[in-house]
Amino acid sequence: MDILVTEFGGNRNDRERKLVSENFFYDSTNINFNSLSGADKIGGMSSVFSNSTNEKVNGLFEYVYEDLNNQSVKENILVIGGNVYKNIFINPVQIYGGLNATALCSFTVLNDRLFISNGVDFPIIYDGSFVWQMGAPRAAIIETTGNLNGTYYYAMTMVIGGVESRFGTISNKLLVGNEQVLVEIPLGPTDVDSRKIYRTPADSNQLKLLTTISDNVTLTYTDNTLDSNLGVNIIGINDEMVRPKFLQTNNSRLVGGVNLKNPTLLYTTETNKEFFTNLRGTINVSGVANDNSPLVGISQDYNRIVAASSKQIYTVDLSEGTPTATQSRANVGCANGYTMTRVPDNQYQDLSGNMHTFPGGVMFVSSLNDVRIFNGNFALPIATTLDNLRTENWSSFIQNKFSSSFTNGLNISCEFFDYKYHLCIDSEIYIFDIRGNKWSKYELSTENNTYVVSAIQTIGNILYLGLFENGKVVQLYNTNQFLEEDFTAKIESSDILASEDLKYFKEIHFYFTNVTTDAPTKVKVIIESDTDTQIETDINLNGGYFDSRYYNLDNYVGSSDDIDYRVVHINRFGRWISFEIESSDTLNFRGYRLISEPITNKEAL
């Protein structure tokens, strides 16, 4: 009665362990399935940015734009403790400060400009040179002798139908020395009659009227106005700028969602325009279905925005001037907008050799605390789309342990990288590999430290984690340790051959590929779940394909990726058996063979 297992289906704990197939692990920690058929210990993480103040990482982003010479420029952006840095991996430079120190940031790009929002502060815009608040002018010094001498900043209001609206946002501040300033003026919605530009006197905080632009076309104004020639004080804030948690760009329009003051609304700009308003471009998404629950997150798939409330999933079409929202048949909401990300289609083979299609779409944690994919054929006409757009549950195998972790999690973020959906929940990362519908879990802890993830992002085909209260950005999968400390990978099998029949378990063979160190791998073999009588041993995997105790190297032909094995003798009676493998060094597990015999009740001994 031999069992040979050389391909694994990932973790499975949705049922009692005696009912879990031997091809699944009942649990594993810090294991992934990059080898597809095997199970490998993950690569560790090393620090690439460190802030001595131990602040929370609020977000990371790779910003690509064209400079004035039409050359492509990449800047790696980090928000940490509310401060914004560029060039974080080479020569970090702070470009802005004062954002909320704990709120996570969302990023998007339009017109070669980076937009950053966190749901608490006014959104900001960065163009490679300056940072200013959304809905305000951009200011740059002209190296021409002029009347301005001191520190200045600007603001804009817009006039529609004789009513002036002020957003409360301001431009970047400039220190000017007897020079002039070029003021770039953002375009308003189509029905704007005029825009008023306000400026502070030198070294003052009181905004006063500088000029009125009596159109919605002019883009710049050259300021050489003396303080004494400024006009009336600016009006009070009466149309405060939107503060969305999440940003997207779709059909050359900015999209903002999850604004605490109007939580059911989605905000959009007109094509290529760069600020939201409360009066134009809004749509009450969850009101479409009489849902009226707050939006919790936004993403996109095909050419549609995917907006999720706490009760339902919607698509929003921005291809026409007026955005339109459509209710899906998901009939389930999203539990947390920071779990939403796009994943691609993929073909995969199950353990029986049958081919399947992983559908791709927007992956998220639903209001049922399971992980789902929202997908469908968006090209279908509206009349048939409702029957086509739906969600599918892909986390049933791990539901027992996942639901508890997610419910108690405080820091949530996600990213798709290297065929894997990475869902970070505090110090744990749940991994779904689309190449085989396989779940695994990482635990970012060592003997001395536990690392909580606050943000995760792919930059230049490398996966980075921003840590909570450590002031660090780390690169994942690039070393054998967690920040220069050893960490453990562990595999826990199901209860194998579980039945009412008694068996004689002889031995178990563990297969692996070559390693180059002498660090022991700990193995436990447990009969009938009795840990008091378990077999414990250390096995040395050094050599893998060659062991000088048995062969002369000159007479042995092999390669470093050959599979070798170690044998653990059991010689015990029982109705089921399980094992655990634990390693703080390299582990490339490729399978096992369990040798046993049924008991016939005719044995002499």
Please evaluate residues L110 and N272 with respect to the criterion side chain to side chain contact (heavy atoms under 4.5 Å, CB included), reporting the C-alpha separation (whole Å), side-chain torsions for both, the decisive distance (0.1 Å), and the verdict. CA-CA 7 Å; L110 177 70; N272 291 321; 4.0 Å; yes

Chi angles and distances behind the side chain to side chain contact (heavy atoms under 4.5 Å, CB included) call for F275, M158: CA-CA 12 Å; F275 67 90; M158 64 181 186; 4.2 Å; yes

Side chain to side chain contact (heavy atoms under 4.5 Å, CB included) evaluation trace for L265 with V242: CA-CA 11 Å; L265 299 185; V242 177; over 6 Å; no

Please evaluate residues F122 and I170 with respect to the criterion side chain to side chain contact (heavy atoms under 4.5 Å, CB included), reporting the C-alpha separation (whole Å), side-chain torsions for both, the decisive distance (0.1 Å), and the verdict. CA-CA 10 Å; F122 294 133; I170 61 173; over 6 Å; no

Throw together a table of side-chain donor-acceptor distances under 3.5 angstrom for residues 66-74, partners on residues two or more places apart or in other chains.
from, atom 1, to, atom 2, distance (Å)
D67, OD1, N69, N, 2.9
D67, OD1, N70, N, 3.1
D67, OD1, Q71, N, 2.8

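Side-chain contact check for L60 versus N76: every heavy-atom pair is 4.5 Å or farther apart. Inter-residue side-chain proximity for T326 and V288 is flagged as unmet; no heavy-atom pair is nearer than 4.5 Å. Inter-residue side-chain proximity for N118 and N58 is flagged as unmet; no heavy-atom pair is nearer than 4.5 Å. Residues R138 and I125 have side chains not in contact (no heavy-atom distance under 4.5 Å, counting atoms from C-beta outward). A heavy-atom distance below 4.5 Å is found between the side chains of P92 and F49. Looking at K472 and L483, their side chains come closer than 4.5 Å, going by heavy atoms from C-beta outward. A heavy-atom distance below 4.5 Å is found between the side chains of I160 and D191. Looking at heavy atoms from C-beta onward, E75 lies in side-chain contact with Y65 at the 4.5 angstrom threshold.
Interatomic distance, CG of L254 versus OG1 of T269, reported as 4.5 Å (0.5 Å rounding). To the nearest 0.5 Å, the span separating CH2 on W132 from CD1 on I124 amounts to 10.5 Å. In this structure, CD in E428 is found 4.0 Å from OG in S405, a value given to the nearest 0.5 Å. In this structure, NZ on K196 lies 8.0 Å from CD1 on I235, to the nearest 0.5 angstrom. How far CZ of F374 is from OH of Y314: 11.0 Å, rounded to the nearest 0.5 Å. In this structure, the separation between OH on Y198 and CD on Q206 is 10.5 Å, given to the nearest 0.5 Å.
A distance-only check finds no donor-acceptor pair linking the side chain of Y430 to the backbone of Y421 [under 3.5 Å]. Of the possible donor and acceptor atoms, one in the side chain of N216 sits under 3.5 Å from a partner among the backbone N and O of P189. Panel note: side chain K273, backbone L187; no donor-acceptor pair is recorded below 3.5 Å. For the pair R199 (side chain) and L230 (backbone), a donor-acceptor distance under 3.5 Å is absent. A donor-acceptor pair under 3.5 Å is formed between the side chain of Q300 and the backbone N or O of T249. Side chain of S252 to backbone of T271: no donor-acceptor contact under 3.5 angstrom is found. Between the side chain of R280 and the main chain of T190, no donor-acceptor pair closer than 3.5 Å is present. Between the side chain of E164 and the backbone N or O of T157 there is no donor-acceptor pair closer than 3.5 Å. Listed for the D227 side chain is a donor-acceptor partner under 3.5 Å among the backbone atoms of A202. Under a 3.5 Å cut-off, the side chain of S286 and the backbone N or O of S293 do form a donor-acceptor pair.
Annotation for N461: atom CG does not count as buried by contact number, only 12 or fewer foreign heavy atoms lying within 6.0 Å. Heavy atoms of other residues, nucleotides or ligands lying less than 6.0 angstrom from CG of N290 number 12 at most. Around CD of E484, the count of heavy atoms belonging to other residues, nucleotides or ligands within 6.0 Å does not exceed 12. By the 6.0 Å contact criterion, CZ on F61 is enclosed, its count of non-hydrogen atoms from other residues, nucleotides or ligands being greater than 12. Summarising the local packing, CG of N100 is surrounded by more than 12 heavy atoms from other residues, nucleotides or ligands at distances under 6.0 Å.
Across all non-hydrogen atoms, the minimal contact from N369 to V365 is CA-CG1, 4.1 Å. Between F487 and I42 the shortest heavy-atom distance is CZ-O, 3.5 Å. The two residues T339 and C334 have their closest heavy-atom pair at OG1-SG, 4.1 Å. Shortest non-hydrogen contact noted between V79 and C105 is CG1-SG, 3.8 Å. A330 and T391 get closest at one heavy-atom pair: CB-CG2, 3.5 Å. Heavy-atom minimum distance, S445 versus T450: CB-OG1, 3.7 Å.
T264 and N284 form a side-chain donor-acceptor contact under 3.5 Å, judged by distance and modelled atom types alone. Under 3.5 Å, the side chains of E55 and T53 contain a donor-acceptor pair of N or O atoms. Residues T212 and S194 have side chains that never bring a donor and an acceptor to within less than 3.5 angstrom of each other. A donor and an acceptor atom, one from each side chain of Y152 and D223, are nowhere located under 3.5 Å apart.
Taking the six-membered ring where the residue is Trp, the centroids of F482 and Y451 are separated by 6.0 Å or more. Side-chain rings of Y221 and Y154 stay apart, their centers remaining 6.0 Å or farther from each other. Between F246 and Y338, a ring centre-to-centre spacing shorter than 6.0 Å is recorded. Annotation: Y126 is not in aromatic contact with Y96 [ring centroid separation under 6.0 Å not met].
Evaluation of the side chain to side chain donor-acceptor pair (under 3.5 Å) test over residues 236-245, restricted to residues two or more places apart or in two chains, returns D239-N278, E240-R243, E240-K261. Applying the side chain to side chain donor-acceptor pair (under 3.5 Å) definition to pairs two or more places apart or across chains, those involving residues 165-184 are R113-E184.
Ring geometry for H422 against Y477 counts as perpendicular: the plane angle is over 60°, on a 0 to 90° scale with 30° as the lower cut.
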